[in-house]
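Values below: all heavy atoms of this structure, side chains included; hydrogens, waters and symmetry mates excluded.
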Amino acid sequence: MDEHEVVDHDTVPPADKRLLAVAGVLLLIPIVALMWVSSYSRVEPKLWGFPFFIWYQFLWVFLCSAMTWTAYKLVLRARPHRPMGEAQRRPHRKFGRHGRHQRGATIGDPTDADLHDGQPFDADPDTDGGRR
Amino acid sequence: MSGINWTALIILVVLFGAVTIMGFMATRWRRPTSMESLDEWGLGGRSFGTWITWFLLGGDLYTAYTFVAVPAAMFATGAVAGFFAVPYTIVLYPIIFIFMARLWSVSHRHGYVTPADFVKGRYGSRHLSLAVAVTGFLATMPYIALQLVGIQAVLEVVGLGGGDNIIAKDAPLFIAFALLAAYTYSSGLRAPAVIAFVKDTLIYLVIIVAIIYLPTKVGGWDAIFGAAEEKMATTNPATQKPTGAFVPGSTQMWAYATLGLGSALALFMYPHSITATLSSSSRNTIRRNAAILPAYSFVLGLLALLGWVAIAAGTKPIGLDGKPNPQLVIPQLFEDMFPGWFAGIAFAAIAIGALVPAAIMSIAAANTFTRNIYKEFVKPDATPQQEAKVSKLASLVVKAFALVFVLLLDKQNAINFQLLGGIWILQTFPAIVFGLYTRWFHRWALLAGWAVGMVYGTYAAYNVVNPVTGAHFGGSLANIPGIAQMGYIALTAFVINLVVAGVLSLALNAAKVSKGQDETIKGDYFADAGDPRVEKLDVGVHESTPSP
């Protein structure tokens, strides 16, 4: 008995839209608050000698951090990961590649010939293909 | 300030040399399992806990921008030019929270390593991809230039360079360039974990001492803010206007907000930022980190305030050529207030803190050149060895151009380098970020919008003339058309870019012009570790978090 649903992965995974909306609002609040400069561009009231302009922005560091953390938790719950597994159905395509691009060489990777040339500062010979 | 501060210089050289040698040795002394786990904690934060992860991630964030450019701007012209870095680095995280997970997912499903790869796969447009790659390469140059200025500031305060000879005058800069080129070329950065730990320890040590000790030495925060307010209100004889802003005035609020928002939108478009993000082990790592990294903004704010501490301390940042140079203010403050040996440690922290991100930025820019320009258009059948050679050359070229930026542009205002790079890189935002959500925008419309944004942005920046020196590209603020307020040119150009892209998309979609092949599917944007084809990407040398 095959309980495997055939999932069409050319769709957006389901999500609890209300939780996503709340998360979105939480992320938007710090942006709006800090872009609204006229609301905090003043010297008084001071706190430990710091002008309002300064300590208000410091306060937002922590408020933003708390809101982002909450948004993170909400987003995890709102849209649980939908494994892409074996059962996938792709739409018909005439052209186009689905596969992975060529890795290509970068500085400091196994194809970098200067790294293994026996000169001083030679990197360790990579015996397992540069995987770290 | 003539003469060499030998104590500081010796400590600087010793520490610098030690970190460099450790970096090289770490590649020879390889313990695969420990390397693996050292690598993993930086990226996934699973094995070593939140606090250690935060320590190591945060250490990447302190660069010449944080230590030199921002406090210098605070010292010279006050809160608008300097303190915007705080809201910038706060709103940065909610912004990237929103879209970076999608980029991670789709990139891991298709092996995309650069933003240009994604754009090509999504829109089927080699031209748009080329535009994104060229912009990434171009915009990284002033950013590296800023790091060079940071290293130069340290060397100049220590006493290296100077004199009337044109070569000797810029000797610290050439030394900084040579160090950077050597460091990158020999791939010492291949062991980022080991260097990172030492680098971060030095940096945090200096920050903690500077922030806790120095304010007490100049009479406390009341005295500091008093001195700053007084200086900013004093009329500058050269411009006949107040020297700067203590708190943004009513005509400066748009400037402040646009500088913060524009910089935040721009940061993650840089090649090195995307590389750092793609190196995480899961799509949610960046979101988790987004919550803990804002603490960095707090420390950045305190470092910015060091610029005002310097005002209270009476620091006189005079270059070796006898002219005032605000970029020297923090190294000078450290030299004035700390004993020689600790000043040396502080200089080493700044220099290393500038060198490592500069090297990484140049590598990331070079890799996007090789992959998206050279391999795509010049020599598609290049072997990996040829690609690696081209990458090395490109990395050298991007650094050489960064040097040219420093020599030609006004380095009295180094924060402008970062802002200039932002003007360019922000124009790739529509193509990259909107593409993560929709294909409604037409590829040709995005290309046109990009072009218009680039031309407008460059032209507007060229027209900002320094009133004292008469140099072009003297700043990053210009009048926002239609509002009669000064604002960050990058954001104005971005809005124009959006409008052009939107209008042309409407037209091109209606005319049914071909939109190119999309090789992604909707589910790709939600893939996570463990899904088919999602493997660790070979992004090469990188930092765990991009440096602002």
Side-chain angles (χ1 to χ4, degrees), chain A residues 9-13 27-28 30-31 34-35 37-38 41-43 48-51 53-54 57-58 60-62 64-65 67-69 71-72 75-76 79 81-85 90-91 95-109 111-115 121-124 128 132, chain B residues 24 27-28 30 35-36 39 79 86-87 90-91 93-94 97-98 110-112 117 186-187 189-190 221-222 225 247-248 253 256-257 260-261 284 287-288 290-291 294-295 297-298 301 363 366-367 371 375 384-385 387-388 391-392 395 517 519 521-523 526-528 531-533 538 540-541:
Chain A
H9 284 280
D10 194 12
T11 57
V12 172
L27 292 172
L28 213 55
I31 301 175
L34 285 166
M35 290 301 108
V37 184
S38 57
S41 180
R42 68 183 85 101
V43 178
W48 300 319
F50 283 67
F53 176 73
I54 305 277
Q57 291 178 86
F58 279 139
W60 267 104
V61 169
F62 300 102
C64 182
S65 188
M67 291 187 191
T68 313
W69 183 259
Y72 168 64
V75 160
L76 284 183
R79 201 190 315 256
H81 178 55
R82 178 180 73 186
M84 290 184 89
R90 286 185 202 272
F95 319 102
R97 298 164 287 161
H98 311 299
R100 296 179 63 80
H101 282 215
Q102 283 289 82
R103 256 182 18 185
T106 64
I107 296 176
D109 82 356
T111 66
D112 189 340
D114 289 346
L115 270 187
F121 300 125
D122 190 356
D124 206 8
D128 64 342
R132 291 199 270 136
Chain B
F24 287 127
T27 59
R28 320 203 61 188
R30 247 186 50 139
M35 264 314 214
E36 188 92 9
D39 217 5
V86 173
I90 297 176
V91 305
Y93 296 110
F97 183 110
I98 294 171
H110 293 271
Y112 302 145
D117 286 340
S186 47
S187 310
L189 291 165
R190 218 173 162 239
W221 288 104
D222 280 319
F225 289 116
V247 155
M253 295 188 188
Y256 192 75
L261 186 62
N284 283 310
R287 289 173 156 169
R288 189 169 54 238
S297 319
F298 185 76
I363 291 174
N367 289 339
R371 203 175 155 84
K375 187 140 192 213
Q385 285 71 26
E387 283 185 54
S391 262
K392 289 195 157 183
S395 157
Q517 201 67 29
E519 64 180 19
I521 59 175
K522 292 196 176 80
F526 298 92
D528 207 345
D531 283 333
R533 299 199 341 239
D538 188 8
V541 176

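- Once rounded to the nearest 0.5 Å, the distance linking OG1 of A/Thr11 with CD1 of B/Ile521 reads 8.5 Å.
- Proximity to chain B (any heavy atom under 4.5 Å) is restricted, for A/Arg42, to the backbone atoms N, CA, C and O.
- Interatomic distance, CG of B/Leu261 versus CG of A/Leu34, reported as 10.5 Å (0.5 Å rounding).
- The aromatic rings of A/Phe50 and B/Phe225 sit perpendicular, their planes meeting at an angle over 60°, well past the 30° parallel limit.
- With rounding to the nearest 0.5 Å, the separation of CZ in B/Phe298 from CD in A/Gln57 is 12.5 Å.
- Annotation: the span from A/Leu27 atom CG to B/Ile98 atom CD1 amounts to 5.5 Å, rounded to 0.5 Å.
- Listed options A/Trp60, A/Trp48, A/Trp69 were ranked by heavy-atom pairs under 4.5 angstrom with chain B; first place goes to A/Trp69.
- Two residues are said to be in side-chain contact when any heavy atoms from C-beta on lie closer than 4.5 Å; B/Asp531 and A/His81 meet this criterion.
- Among A/Val43, A/Ile54, A/Val37, the residue making the largest number of heavy-atom pairs under 4.5 Å with chain B is A/Val37.
- Looking at A/Leu76, the atoms closer than 4.5 Å to chain B (heavy atoms on both sides) all sit in the side chain, from C-beta outward.
- Inter-residue side-chain proximity for A/Tyr72 and B/Phe97 is flagged as met; some heavy-atom pair is nearer than 4.5 Å.
- Although no hydrogens or angles enter the test, the distance criterion places a donor-acceptor pair under 3.5 Å between the side chain of A/Ser41 and the main chain of B/Pro248.
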